[in-house]
Structure formats: C-alpha cells, structure tokens
Amino acid sequence: MTATLLRTAADLHARARTGRRAVVMTMGALHEGHATLIRTAREIAGPGGEVVVTVFVNPLQFGAGEDLDRYPRTLDADVELAGRSGADAVFAPSVDEVYPGGEPQVRISAGPMGERLEGAARPGHFDGMLTVVAKLLHLTRPDVALYGQKDAQQLALIRRMVRDLNFGVEIVGVPTVREEDGLALSSRNRYLSPAERRTALALSRALFAGRDRHAAQEALRARAREVPATRARAEALSAIGESRAAADAHAVATTAGGPAAVRAAARLVLDEAARLDPPLRADYLALVDPSDFTEIGDDFTGEAVLAVAARVGATRLIDNIPLTFGPFGDAS
C-alpha cells in the first residue's frame with residue numbers, strides 16, 4: 001500500500017472522505033512502535049475508512065537546550081513505512097502551515113497535571129504538546145486518534161483535554177512496543193552508543209522488577225486469603241507441613257508490599273544502574289494514579305502507572321507499565 005504525501009490542510013480537506021478517519025500523530029523517525037499504531041488504526045478504520053499519519057516536529061514542545069535541531073527527520077522513509085503499515089495518507093505540514101502567524105499567542109494550558117513528572121522536568125512541554133494536538137485534531141478532523149501508551153502522561157492529558165474541552169473525537173491508547181531486550185521503542189534510541197544502550201536497559205528492568213514484586217505480593221495475598229488464621233486450621237496445616245508457608249504468606253500479605261514495595265524494587269535497579277559505565281541518571285521514578293498523575297498511597301486500589309525517566313549520556317528516555325492494585329481486605 002502506498003501512502004499519499006500531503007503538505008497542506010487544503011490538500012487533506014480536498015480528499016474524498018468515506019467511512020471513519022483514524023489519525024496517528026507522530027514527530028517522524030517512524031519505527032515499529034509507530035507501525036503498530038498505524039496497523040491498529042487500519043483495523044479501527046476498516047477497509048472503507050481512511051488512516052492519516054501526521055509527521056510534524058513541533059517546536060513548541062522543545063525547551064531550551066533540548067534536541068529540536070538534533071531530532072531525526074526521515075520523511076521519505078516515514079512515508080514508506082506508513083504506507084506499508086496501512087496508512088492512506090501522510091500529512092507532513094511545514095511550521096508555517098501549522099503556525100501561519102508565528103508562535104501562537106493563545107495556547108492550551110495543561111494545568112496542574114501538566115506540571116508533574118515530565119512537566120516538572122520539561123517546563124512548558126505539555127502546553128506545547130496539547131496546543132499542537134488540538135491544532136492537528138482540527139486540521140485532520142478525525143473520528144478517532146491513536147497514541148502510544150509509552151507516553152502515558154501525554155496520553156492522559158490528551159484524554160483530559162478532549163473530555164474537558166468537548167472535542168468530538170475518540171482517543172485510543174495502544175500498548176508500548178518493546179525490542180527483544182525489553183527497551184521501549186523510541187526515535188531517540190538511535191542516539192545511544194552500544195554501551196549507553198546496555199545501561200538504558202535499566203529503565204525497563206526497573207519497571208519489570210516493580211511489576212514482578214507486585215505480582216508476587218498479589219499471589220501471596222491470595223494465598224493468605226485461602227489460609228484463615230485460626231488455631232484449628234493452623235494445626236491442620238502443620239500436620240501436612242504447610243504452617244510455615246501459611247505464616248509466610250500471611251505475614252508478607254499484611255505487612256510488606258503494596259506500592260511501597262513496588263517502588264523499592266524498581267528503585268534498587270535504578271540505583272545499581274547509576275554505578276554503571278556510562279551511568280544512568282534518573283530524573284524520577286513514580287507510581288501514580290493515571291487520572292491525574294499524583295503519587296498513590298499505600299491503601300490505593302485500582303489502575304496505576306509505574307513511570308520512569310532517566311538520562312544516559314546526552315539522551316533522555318522515558319518508560320512506564322500499568323499495574324492494578326486490588327483491595328487489601330482481611331488477609332486472615
């Protein structure tokens with residue numbers, strides 16, 4: 001399948017439109033993660049719909065000293081990959097097309113959620129991101145827009161903007177795509193030297209350590225619920241040699257674990273990576289409520305996101321995984 005390259009909104013609006021239009025927004029330098037987004041968009045749009053991929057390196061979301069000029073631009077390869085993955089068109093406007101009067105005087109504010117984590121590390125980033133997303137939603141006029149869950153805070157803010165400001169578009173999050181060694185796919189991975197890449201693997205290892213600690217905790221809690229702490233039950237278990245297992249399960253489920261243990265397991269991996277050569281320099285490790293990106297408490301139940309950001313050499317990387325915390329209940 002060959003994607004048509006469009007440079008102006010007028011060209012995009014002139015296209016005959018039938019069925020649903022699904023849009024995938026990118027800054028180019030497309031990789032398999034983007035291809036997964038495009039393939040998912042194709043499934044959603046169906047054979048009678050249309051998939052549009054935007055390629056635009058947005059200057060508003062790059063702060064002073066960030067890599068705007070260094071950011072890879074590979075439009076020819078992007079158009080080829082987009083078409084091969086199922087896109088009908090690639091909309092690659094110039095800066096003047098998106099911001100015809102120069103930098104906009106009126107912008108979208110990300111609010112308090114945009115000041116946390118990535119927002120604290122990159123002031124103004126999310127205001128710039130939401131401003132260009134709002135403009136591209138108006139320019140492309142989709143029925144549905146797809147974004148990767150690797151940028152979890154970005155996805156949460158886009159969902160909030162669409163809901164709070166009554167945009168008539170469905171937002172779909174697509175799970176993070178990883179390389180075989182666990183590193184989340186990112187256009188910035190190409191900046192890493194072989195040694196830096198080995199260090200960068202600590203991001204996903206830290207997340208997986210937190211996830212595994214949580215899974216073990218949940219398994220022990222489930223076992224504790226199956227073993228009531230009664231004298232008669234303890235005596236019966238002792239007869240078949242299970243009293244120690246029951247006691248261990250009960251102790252761990254009621255005293256250790258939860259969000260604090262998840263953070264500790266992930267932090268241990270990051271601390272070890274800080275001593276590597278080259279070292280990993282962590283910006284943050286956070287376990288947050290995805291509705292507002294505030295840190296969750298030890299009694300939290302529901303969906304959560306374990307997120308990390310760090311620098312290796314001159315390259316800054318982010319990653320996250322979703323977790324679900326069930327009710328603690330009575331472990332006895």
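Computed from a predicted model, the values in this text were never measured in an experiment.
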Beyond-backbone contact of Leu287 with Val305, side-chain heavy atoms, under 4.5 angstrom: no
Joint hydrophobic cluster, Met161 plus Ile171, side-chain heavy atoms closer than 4.5 Å: yes
Path from Ile321 to Ile318 over hydrophobic side-chain contacts below 4.5 Å: no
Phe62 vs Met27, side-chain contact (heavy atoms from CB on, under 4.5 Å): CA-CA, chis, key distance, verdict: CA-CA 12 Å; Phe62 287 80; Met27 292 206 301; 3.8 Å; yes
The single option from Val53, Leu5, Val55 passing side chain to side chain contact (heavy atoms under 4.5 Å, CB included) against Asp78: Val55
Test item: side-chain donor near acceptor, Thr324 and Glu303, under 3.5 Å: yes
Ionic contact status for Glu80 with Arg84, cut-off 4.0 Å: yes
Ring-ring centroid check Phe325 His214, cutoff 6.0 Å: yes
For Glu295, side chain to side chain donor-acceptor pair (under 3.5 Å) partners two or more places apart: Arg263
Glu115 vs Phe293 side-chain heavy atoms within contact, under 4.5 Å: no
Heavy-atom side-chain proximity of Leu60 to Val132 below 4.5 angstrom: no
Test item: Leu137 and Pro142 side chains (from C-beta on) under 4.5 Å apart, heavy atoms: yes
Pairs satisfying ring pair (Phe, Tyr, Trp, His ring centres under 6.0 Å), at least one member in residues 16-38, at least two apart: His31-His34
Gln61 and Arg122, any side-chain heavy atoms less than 4.5 Å apart: no
Those residues that, when tested against Asp283, pass side chain to side chain donor-acceptor pair (under 3.5 Å) (two or more places apart): Arg316
Ring pair (Phe, Tyr, Trp, His ring centres under 6.0 Å) pairs, two or more places apart, involving residues 93-124: none
Contacts of type side chain to side chain contact (heavy atoms under 4.5 Å, CB included), residue Asp181, not counting sequence neighbours: Glu179, Leu183, Arg197, Leu201
Of all pairs that satisfy salt bridge (charged side-chain N to carboxylate O under 4.0 Å, His left out), the ones with a partner from residues 269-279, not counting sequence neighbours: none
Fellow cluster residues of Val177, listed by chain then number, with links counted only when side-chain atoms sit under 4.5 Å apart: Leu185
Thr26 side-chain N/O to Thr54 backbone N/O, donor-acceptor pair under 3.5 Å: yes
Listed once per pair and sorted, the side chain to side chain donor-acceptor pair (under 3.5 Å) pairs that draw on residues 149-162, sequence neighbours left out: Arg160-Asp164
Heavy-atom side-chain contact between Tyr284 and Glu118 under 4.5 Å: yes
Results of salt bridge (charged side-chain N to carboxylate O under 4.0 Å, His left out) for Arg190 - residues two or more places apart only: none
Expected output: side-chain Ser187 to main-chain Leu30 donor-acceptor under 3.5 Å: no
Asp127 side chain to Ala110 backbone, donor-acceptor under 3.5 Å: yes
Test item: side-chain donor near acceptor, Ser94 and Asp96, under 3.5 Å: no
Where at least one partner belongs to residues 159-191, residue pairs that pass ring pair (Phe, Tyr, Trp, His ring centres under 6.0 Å), sequence neighbours excluded: His138-Phe167
Salt bridge (charged side-chain N to carboxylate O under 4.0 Å, His left out) contacts in which one or both residues fall within residues 198-208, not counting sequence neighbours: none
Asn58 side chain near Val95 side chain, heavy-atom distance below 4.5 Å: no
Test item: Arg39 and Thr36 side chains (from C-beta on) under 4.5 Å apart, heavy atoms: yes
Pairwise salt bridge (charged side-chain N to carboxylate O under 4.0 Å, His left out) hits with a residue in residues 12-25, at least two apart: Arg15-Glu50, Arg17-Asp143, Arg20-Glu170, Arg21-Glu50
Transitive ILVMFWY side-chain link Leu146 to Leu155, under 4.5 Å: no
